[in-house]
**Student:** 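Attaching a single structure in structure tokens format; questions to follow.
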There are 2 protein chains.
Amino acid sequence: MLLLRDLTQLATPAGIDAPLRGSALGEVEVIEDAFVLCEGAAIAAVGRMRDLPALDGDVHEVDGSGMCAVPGLVDCHTHAAFGGSRVDEFSLRAGGASYEELHAAGGGILSTVRATREAGDDGLRAAVERHRSWMLRAGTTTFEAKSGYGLDRDTELSSLRAIREAGGIPTWLGAHAVPPEFADADTYLDFALADVLPEAAKLAEAADVFLERGAFDATQARRYLEACRDAGLALRLHGDQFTESGAIPLAVELSARSVDHLEATGEDGIRTLASSDVVGVLLPASALFLDRPMPPARALVEAGAAVALATDFNPGSAFCESLPLVCSLAATQVHLSPAEALAACTVNAAHVLGRADRIGRLAPGYRADITLLDAPDWRYLAYHLGGRVVAGVVAGGELR
Amino acid sequence: MLLLRDLTQLATPAGIDAPLRGSALGEVEVIEDAFVLCEGAAIAAVGRMRDLPALDGDVHEVDGSGMCAVPGLVDCHTHAAFGGSRVDEFSLRAGGASYEELHAAGGGILSTVRATREAGDDGLRAAVERHRSWMLRAGTTTFEAKSGYGLDRDTELSSLRAIREAGGIPTWLGAHAVPPEFADADTYLDFALADVLPEAAKLAEAADVFLERGAFDATQARRYLEACRDAGLALRLHGDQFTESGAIPLAVELSARSVDHLEATGEDGIRTLASSDVVGVLLPASALFLDRPMPPARALVEAGAAVALATDFNPGSAFCESLPLVCSLAATQVHLSPAEALAACTVNAAHVLGRADRIGRLAPGYRADITLLDAPDWRYLAYHLGGRVVAGVVAGGELR
């Protein structure tokens, strides 16, 4: 057994059967002077130190004084399977070029596709492992990661395998961009759905599409997603990043798990999302990285939409694996409270990944995934901007 | 001797006798496959591995492969001497209250004044030490820190001593706010200049004033600064944070070392600053933290002004000790290139602190202050948003 004792605070979102929304999003339970008891890979008990039961047997005690415990953070939107870097492009953009200009000039996603294809199986495996270790240091104990920088059969499948081997939850982003060897999006989708989907469906849990001007339109996205649904995959969409693209109505119609980005979403989209079960995944680090408008997070929450927060970790538009930084951005840039931000990157993110019965909360029976904060108050998760606020994590009952 | 060998890259700004400005700001020298040789507390040599001379005697070699070296980062604007926290206020602001509203409601600076006075000498010393250790982890090898949360004689002097004992460069911010026991700013300044300045001048290197609506006006700032100048202190000003306040003309007239913030500076101010020797210290983490407009950094550089970057680390408006994050914000929010950002938080920051002959560059004779980046390219300093990009530092020739 592992006992985290004398924790200054423990903070956990409320647990329900559906994603938290409205005022429930901000209802975090805080226990002062707390303990967490883990048995194997699961949480056995959580409570105040004065209620700690007598323990028999072999107990590994960890002194948590001066630290706070929150649920292991859940990053439900990353592109962690890539080769190469985009630091040249980043530096050019700092000088004034826009993301779309760089994309059109042959930089952008396709430059990472080249580097990812060149990386090979071993290179890709090493890259995902490295990114995984960065996430762990930043307090992320569960991560989703997408393929989508291969866009040929072998590299897409290799990406999904590398994600799975690193302990990630793989999403097949077969419709990320049209690779240069295809004349247009429809021809590429013919190939992807016939030649890649059958194998990808065995490796991935979900499918995702980049529905955006210059990538895939709503008709193409529908075709791709319906085929993926028929192959047994859960559905997600990149939508409304630069332009309102029809992603929200399509997501609702197809009962997608999430629609992600939403920087360009207007009032109608907010209303439509709020009256659905689709989670809006907000990626403020990407908006910051590209110096684009932030998503209308506050309006979404006020309207009653379920929202999650994620990093969007990728080399081009969000080279950022830090959910604590995302929480700081959520608090300062889009006015989510620290409690709302915490719920959005734990329990609600777990819903997006279909795992809210196992992760995203500190409660008996849940997986023993715990993020320990070097802080006197759990809200330092958002307050300590860019600080090394994560002291360590417990993942599956093991102190890392 | 300490030898850092096989560094993937070494990057250092050019050295000149005055702060870098205009196109010179972006001229960083990059050496691939590099070494740095330190002898005692100083850099003895810098170069390419193939030019490494034969070394006699006791050499401690550090394998720098996979790492990049940049000059130890210089944080020329922090408020590291404080007690307490402002996490409650931060959480309220996330819910929509403005910084000025919170200030007016008795939160803001005066709440930290209360906590700082209560901290006592030991508490203050421990706080500055802790903040210093955070900065070191974030790659900062030289830091300035201001008093200004005491605002009584004992706490101001205790703050300056705590900063000095932690190895910081103390600035007396005697004119930060009017403490509650004084009726108005002028009465407070009577006290501060008569009772605190004589002792503060023995401990501090510079004086600073918060020239802003609700704090001190230009007439009061002039009176304070002239007295401080006569007592032998270098001069700095907080100016144009929320409103254009006359700080730039006053800084130029008094030959201040710097004028800091400038979020509200317009075209006239930019022109005036550019034609002077005063450095504009930009604090983008503060603008982000308060969700306020960013300073006109690009316009300042284009106009030929000398600029530096700093964190503004403080509990209320920038709980952020990370200069790497500040570099990321500089690149993404105000369009400084990574090279400009590096120069702005090394050599130009050293100029603000009157130490550009000793720190801020990697060159023989300079202090052996080196920040090691866990990155294949030194520009990850700005590119790796919120990442743990700092692998370690050498401070005064010692690996920390």
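Residue numbers start from 1 in every chain, and the chains themselves are labelled A, B, ... in the order their sequence lines are given, proteins ahead of strands. Values below: all heavy atoms of this structure, side chains included; hydrogens, waters and symmetry mates excluded.
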**Student:** If you count heavy-atom pairs under 4.5 Å with chain B, which of A:Gly386, A:Ser91, A:Gly387 comes out on top?
**Tutor:** A:Ser91
**Student:** Please name the pair of heavy atoms, one in A:His335 and one in B:Asp291, separated by the smallest distance, quoted to 0.1 Å.
**Tutor:**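 Result for this residue pair: NE2-OD2, 3.5 Å.
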**Student:** Nearest 0.5 angstrom please: B:Leu290 CG to A:Thr332 OG1, how far?
**Tutor:** 9.0 Å
**Student:** Given heavy-atom pairs under 4.5 angstrom as the criterion, report whether the side chain, backbone, both or neither of A:Ala285 touches chain B.
**Tutor:**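 Answer is both: backbone and side chain atoms of A:Ala285 are under 4.5 Å from chain B.
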**Student:** Below 4.5 Å from any heavy atom of chain B, which atoms of A:Ala331 appear? Answer side chain, backbone, both or neither.
**Tutor:** both
**Student:** Which atoms form the tightest heavy-atom contact between A:Ala94 and B:Leu336, and what is the distance?
**Tutor:** CB-O, 3.4 Å
**Student:** With a 4.5 angstrom heavy-atom cut-off, is it the side chain or the backbone of A:Asp377 that approaches chain B, or both, or neither?
**Tutor:** side chain
**Student:** Identify which part of A:Pro376 has an atom lying under 4.5 Å from any heavy atom of chain B, answering side chain, backbone, both or neither.
**Tutor:** neither
**Student:** Assign the ring pair A:Tyr383 / B:Phe289 to parallel, tilted or perpendicular, where the plane angle (0 to 90°) is split at 30° and 60°.
**Tutor:** tilted
**Student:** What are the two closest non-hydrogen atoms of A:Arg388 and B:Glu321, and how far apart are they?
**Tutor:**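 Result for this residue pair: N-OE2, 4.2 Å.
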**Student:** Between A:Leu92 and chain B, which part of the residue has a heavy atom less than 4.5 Å away: side chain, backbone, both or neither?
**Tutor:**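 Neither part.
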**Student:** Shorter than 4.5 Å, heavy atoms on both sides: which option in A:Phe319, A:Phe313, A:Tyr380 has the most such pairs with chain B?
**Tutor:**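 Sorted descending by pairs with chain B, the first entry is A:Phe319.
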**Student:** Work out which heavy atom in B:Gln333 is nearest to a heavy atom in A:Leu288; give both atom names and the distance.
**Tutor:**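 Shortest heavy-atom contact: NE2-O, 2.9 Å.
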**Student:** Is chain B contacted by the side chain of A:Ala382, its backbone, both, or neither, given a heavy-atom distance below 4.5 Å?
**Tutor:**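 For A:Ala382, backbone and side chain are both near chain B.
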**Student:** For A:Leu325, which atoms come within 4.5 Å of any heavy atom of chain B: side chain, backbone, both, or neither?
**Tutor:** side chain
**Student:** For A:Thr311, is it the side chain, the backbone, both, or neither that has a heavy atom closer than 4.5 Å to a heavy atom of chain B?
**Tutor:**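 Neither; nothing under 4.5 Å.
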**Student:** Quick one: are A:Val87 and B:His384 in side-chain contact, heavy atoms under 4.5 Å?
**Tutor:** no
